[in-house]
Protein chains: 2
Amino acid sequence: MSELRSSASYSGESLLYLTDEQLRQGIEAMFFAYRGFTADPDRILSDLSYGRAHHRAIHFINRAPGTTVNNLLSILGVTKQSLNRVLRTLIEDGLVESRVGQVDKRERHLHLTEKGAALEARLSDAQRARMRAAYRAAGPEAVAGFRQVLEAMMDTELRRAHVRLRDAGQ
Amino acid sequence: MSELRSSASYSGESLLYLTDEQLRQGIEAMFFAYRGFTADPDRILSDLSYGRAHHRAIHFINRAPGTTVNNLLSILGVTKQSLNRVLRTLIEDGLVESRVGQVDKRERHLHLTEKGAALEARLSDAQRARMRAAYRAAGPEAVAGFRQVLEAMMDTELRRAHVRLRDAGQ
DNA sequence: TTGGAATGTCAACAAGGCTGACGTAAGCTG
DNA sequence: CAGCTTACGTCAGCCTTGTTGACATTCCAA
């Protein structure tokens, strides 16, 4: 149970990237990179006494303006109670507007206010700047590979959500 | 402030991957992929009433046996009080052993017990399985690119920690 | 040898997850 | 129309995991 295992199959040296050690390095890289990925927005948010949860809500409301609460819920993968706490403070602070649905009045459609859009831009700019630097440093082929591996790492359900947003964007 | 911006410079069509839209897709891919990345260990852990913090501690203790609390702290990027709570439960549950330093008695050196190593293997296997599937689906060149972008996304300080672990591993 | 620095522990608090229960309004269906 | 379902909000309470502050122990250097 605790002796060295190697579940990678070595059918030639071309599979070096599938050794347990390589996979472990990939896992650690993912861990450290994610920290970097969130570091800049986290700094901005903590000054405003918001957290990552607020960022996520703002991001996806910006991305899909007019989205319903339920829709946002399924994208974020949290409970409505959890989202509601965050959403309430954003609405109180005048960053998000919640409009009763025209056709189905049970629904609330979420939009960023100007103030909300301004914060979104600030967070987004910071995060994109880091992303852009990483992309530039690694080059186009690396970026294509990066995206491929990320896609393959998602759960199918999340991949669908991602694709839907991607196609909506352009 | 809220009109469309494009901070990417278009010096040829080969830089398409640096448009704001492309960067945004990368950001979202990172977000969704990280969810997948942690999903399998999370499931295992919740059955044992442990959390992601326990996983991280176990992972890095396994990776660098005999590491000190302070060392682990700098890798995990949390406060010592936060780590200590997690560490305490792991020690109580007999997964981790804390040995007083021989040369400097202020230090505690951390090791996994057999039980701890068994859990580590279980978590690690699950996470590697997903990683392996993603790597296999994307192929070797994509994996190389993936790693390059992740490296470039880390803070320099974290990159150093990552490299140190990588080189220690092999 | 004594005062400061380093290491680790205990206590208390906050953010943000979770479940469960419940209320209200609106839509849908027999 | 009556009754079920859906969408949303909210209250209460819990857990994990982050934080700061206070403190004990140990080491080292002036």
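Bear in mind the structure is a predicted one, so any value in this text is a computation, not a measurement. Naming: A, B, ... by sequence-line order, numbering from 1 per chain.
- Using cut-offs of 30° and 60° for the angle between ring planes, the B:H162 and A:F32 rings count as perpendicular.
- Looking at heavy-atom distances under 4.0 Å, B:R52 makes contact with sugar-phosphate atoms alone, never a base.
- In terms of modelled atom types and a separation under 3.5 Å, the side chain of A:T113 and the main chain of A:G94 share a donor-acceptor contact.
- If you take CD1 of A:I91 and C1' of D:dG9, they are 10 Å apart, rounded to a whole angstrom.
- Looking at A:E28 and B:R147, no side-chain N of the basic residue comes within less than 4.0 Å of a carboxylate O on the acidic one, giving no salt bridge.
- Contact annotation: A:R106 does not reach the phosphate of D:dG9 (side-chain N/O to OP1 or OP2, under 4.0 Å).
- Straight-line distance from the CG atom of A:L87 to the P atom of D:dC8: 11 Å, rounded to whole Å.
- With the nearest nucleotide of DNA chain C identified for both A:S49 and A:T79, A:S49 has the one nearer the 5' end.
- If you check distances only, the side chain of A:Q81 does reach the base of C:dG20 with a donor-acceptor pair under 3.5 Å.
- As a whole-Å value, the separation of B:H109 NE2 from C:dG8 C1' is 13 Å.
- For the pair B:R85 CZ and D:dG18 P, the interatomic distance rounds to 8 Å; values are reported in whole Å.
- One interatomic measurement links the two molecules: CZ of A:R108 to C1' of C:dG27, which rounds to 14 Å at whole-angstrom precision.
- Heavy-atom nearest nucleotides on DNA chain D were determined for B:V78 and for A:N84, and the one closer to the 5' end corresponds to A:N84.
- Under the 30°/60° scheme for interplanar angles, the aromatic rings of A:F146 and B:F146 are found to lie parallel.
- If A:K105 and A:G77 are placed on DNA chain C by their nearest nucleotide, the residue sitting closer to the 5' end is A:G77.
- Side-chain N/O atoms of A:H54 include none lying less than 4.0 angstrom from OP1 or OP2 on C:dA15.
- Contacts of A:V103 with the nucleic acid, taken as non-hydrogen atoms under 4.0 Å apart, involve only primed sugar atoms and P, OP1 or OP2.
- Across the protein-nucleic acid pair, B:L90 atom CG and D:dT17 atom C1' stand 13 Å apart, rounded to whole Å.
- Formation of a donor-acceptor pair under 3.5 Å by the A:K80 side chain with backbone atoms of A:V69 is not found in this model.
- Proximity of B:N70 to the phosphate of C:dA6: no side-chain N or O atom is located under 4.0 Å from OP1 or OP2.
- Contact between the side-chain N/O atoms of B:R56 and the OP1/OP2 oxygens of D:dG18 is found at a separation under 4.0 Å.
- As judged by a 4.0 angstrom heavy-atom cut-off over every strand, B:K80 is placed among the base-contacting residues.
- With C:dA12, C:dG16, C:dA26 as the choices, the nucleotide that has an atom nearest any side-chain atom of A:D104 turns out to be C:dA26.
- Across all strands shown, A:R88 has heavy atoms under 4.0 Å from sugar-phosphate atoms exclusively, and none from any base.
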